[in-house]
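Heads up, the thing below is written out as C-alpha cells.
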Amino acid sequence: LYVAEDQATMLLKHGGRIPHAIVLNNSRSEYFLMIPNYGISRPKVKQCPFSTELVLERGEEWAKQVKTRYYVYPIHLSQSFIVAPSLSASFYMLVLRLMAREYEAAAKILSTCSTDTSFTDE
C-alpha cells in the first residue's frame, strides 16, 4: 500500500470531515481509507459551540483497550462506499461521523453495527 495520488478527491468523497484520514492505493488500483484508532474529543470553543473539530487523544489508557492502532477500510470498487473490516471498525467510524456532525452518513453506518456473537472488551 502507498499514499494515493488523488488524495483530495477521495478524502472529500469518503473521509468527509475526518481530518486524520489518509487514502491509500495498491498496485491493483484498489483504494483504502486508513484512520488511526485513538480516543477523540471535541475541543470546547466559546465562539463556535457547534464546531466539528476533533482532537486525537493519544493516551496509553486508550491503547490498552484496543487491539489495533489504526483501521484500514477498503473502498468498494465502485467507489460508492467503504467497507468496515470489523465490528469495532464500524463503531469507530460511526462515532467519527457523529462527532463530525455527519448524521446521514452515521445513519448508513448504523445498519452495519450488528453481530450475533458476544461483544469483546474492545
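Heavy-atom basis, side chains included; hydrogens, waters and symmetry copies ignored.
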Evaluate Cys113 against Leu94 for side-chain contact (heavy atoms from CB on, under 4.5 Å), listing each step before the verdict.
CA-CA 9 Å; Cys113 295; Leu94 175 66; 4.2 Å; yes

Would [X] and [Y] show up in the same hydrophobic cluster when neighbours are defined by side-chain heavy atoms closer than 4.5 Å?
X     : Y     : answer
Ile18 : Val72 : no
Met34 : Tyr2  : no
Ile22 : Leu56 : no

Kindly determine whether Leu96 and His20 satisfy side-chain contact (heavy atoms from CB on, under 4.5 Å), including the steps that lead there. CA-CA 11 Å; Leu96 288 173; His20 51 283; 4.0 Å; yes

Close side-chain approach of [X] and [Y], heavy atoms under 4.5 Å:
X     : Y     : result
Ile35 : Met93 : yes
Ile40 : Val55 : no
Val23 : Glu5  : no

What one should report as the nearest heavy-atom pair of Ile109 and Ser90 is CG2-O, 3.6 Å

Looking at every heavy atom in both Arg101 and Ser51, which two are closest together, and how far apart are they?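 Looking at all heavy atoms of both residues, the closest pair is NE-O, 3.5 Å.
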
query: CG/Leu1 to CG/Asn26 distance, rounded to the nearest 0.5 angstrom?
result: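 If we round to the nearest 0.5 Å, Leu1:CG and Asn26:CG are 6.0 Å apart.
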
Contacts of Tyr31 that satisfy ring-ring contact (aromatic ring centres under 6.0 Å, His included) - sequence neighbours left out: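 ring-ring contact (aromatic ring centres under 6.0 Å, His included) list for Tyr31, sorted by chain: empty.
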
- request: Give a yes or no answer on whether the side chain of Asn25 reaches the backbone of Val3 with a donor-acceptor pair at less than 3.5 Å.
  value: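 Answer holds: no.
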
Residues pairing under ring pair (Phe, Tyr, Trp, His ring centres under 6.0 Å) where one sits in residues 76-112, two or more places apart or in two chains, turn out to be Tyr71-Tyr92, His76-Phe81

Item checked: Glu30/Ile75 under side-chain contact (heavy atoms from CB on, under 4.5 Å): CA gap, chis, key distance, verdict -> CA-CA 7 Å; Glu30 296 170 323; Ile75 298 174; over 6 Å; no

Quick note, salt bridge (Lys or Arg N to Asp or Glu O under 4.0 Å) partners involving residues 103-115, not counting sequence neighbours, are none

Checklist entry - Does atom CD of Glu57 have more than 12 heavy-atom neighbours, drawn from other residues, nucleotides or ligands, at distances under 6.0 Å? => result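 It does: Glu57 CD has more than 12 such atoms within range.
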
